[in-house]
Amino acid sequence: MTSQTNLTINPQRLWDDLMFTAQFGGTPKGGIKRLTVSDEDKRVRDWFKAECEKLGCSVQVDEVGNMFATRPGKRQDLLPIAMGSHLDTQPTGGKFDGVLGVLGALEALRTMVQMDYETNAPIMIVNWTNEEGSRFSPAMLCSGVYAGVFTPEFAYSREDRAGLKLGDELVRIGYKGEHKAGAIKFGSMFELHIEQGPILEAEEKMIGVVTGVQGMRWYEVTVTGQESHTGATPMGLRKNALLASARMIDAIDHVGITHLPGVASVGLIENRPNSRNVVPGEVFFTVDLRHPDEKILDRMEAAMREALPKIAADTKVTFEEKCIWKSPAVKFASELIECVRMGTSQAGYKSRDMASGAGHDAAYIARVAPTTMIFVPCLGGISHNESESTTLEECGAGAQVLLNAVLAHDAHFA
Ligand code: GLV
Ligand code: MN
Ligand code: MN
């Protein structure tokens, strides 16, 4: 039997997995386009399942496609300690967002298997379906179903911009499993992830000990004006939905600027009919508001709701706005945070506490099980970008701290 301090992950092996799976949806600019429940997602899921089975794990899939790979422990009476994140990416995503958390977990588990190390509790790796929310909104959809925030039916009904439903797509790729969402239990979850912001790099720290996730709200806005001829419609008589939207987007940006460290963003816009000599008649856009304090998030929402009607009146358009998703601010479990601290000092890395600006599956899982996260740096803090970059050493450091933290937690069950 190996003692836990001898367990050292293999950073090169982890790197090779990251680079190998980056081919599934790899883009010419070196990123990944692996939208959830697409053919590329099926390919990486099949690979992940096969790798877990090679390590002696049983792999189960629930009714919304979440994948659970389990290695038994010494004790049958304990729930597994889970490590989880997501294998789906943004349309112009990088190689590390989410993927590091799943493949880092795979490397941690592989190290245990290779060293013949038996944990007290079973160990589980989870791949959550549709963390990104870019193909089917909202984000963190199927960890949300697992946590009881959404029903499976709600998830199945979500449509992409081409009108395809998540439920039909899950059947198509063969990942609509038999297990009820939430029925495959675990006792705790650790999620390794890149920071997706610039703080660790700027402070030359290797590990972010994540204490929680800020609150997030998503909205959809449809602005209706009137299509008309650009040459023949005088400026004063137009109902230009795109002009109104441009002013609204500026006002939304101002909501962020006036509620720092809050952030306010419009990331998706569709202009109709999108013809160079038609005054735009209808525009659809999305809004993403975030702040660590729910009360200030309320104020941000109120500020946006004050600004938009004035702009609509000034520009002679009408609009509909609806909040489609709220993910409240989350605080992670102190006992697990303590394990991450122990795991970090055991590995000898510099660290700092931080809250997450990005949303993560861990935010929903924290509602049903003790949960926490580990961050590693990414170059320039750039993420949701094909140029996203984290080094072999940084990926390895994260996986090592993940392994150490899981084993520190497991030691409680001896
Ligand atoms: C998920 O990636 C989010 O933070 O939007
Ligand atoms: Mn992610
Ligand atoms: Mn992401």
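Both counts, for ligands and for their atoms, begin at 1 and track the order of listing. Only a predicted model underlies this, so the values are computations on that prediction, with no experimental measurement involved.
Ligand 1 is never approached by His86 to a heavy-atom distance shorter than 4.0 Å. In this structure, Gln90 has no heavy atom closer than 4.0 Å to ligand 1.
Nearest heavy atoms, Leu109 versus Cys57: CD2-SG, 3.3 Å.
With a 4.0 Å cut-off on non-hydrogen atoms, His360 does not touch ligand 1 at all. Under 4.0 Å from ligand 1, the heavy atoms of Glu132 that appear belong solely to its side chain. Of the heavy atoms in Gln196, none comes closer than 4.0 Å to ligand 1.
Exactly one of Ser383, Cys378, Cys395 qualifies for a side chain to side chain contact (heavy atoms under 4.5 Å, CB included) with Phe96. That residue is Cys395. Evaluated for a ring pair (Phe, Tyr, Trp, His ring centres under 6.0 Å) with His360, the options Phe332, Phe190, Phe375, Trp128 yield exactly one hit, Phe375.
Using a 4.0 Å cut-off between charged side-chain N and carboxylate O, Asp88 and Arg34 make no salt bridge.
Annotation for ligand 1: atoms under 4.0 Å from non-hydrogen atoms of His384 are 2 (O).
Residue Asp97 counts as close to the Mn ion (ligand 3), with an N, O or S atom under 2.8 Å. Backbone or side-chain N, O or S atoms of His193 reach the Mn ion (ligand 2) at under 2.8 Å.
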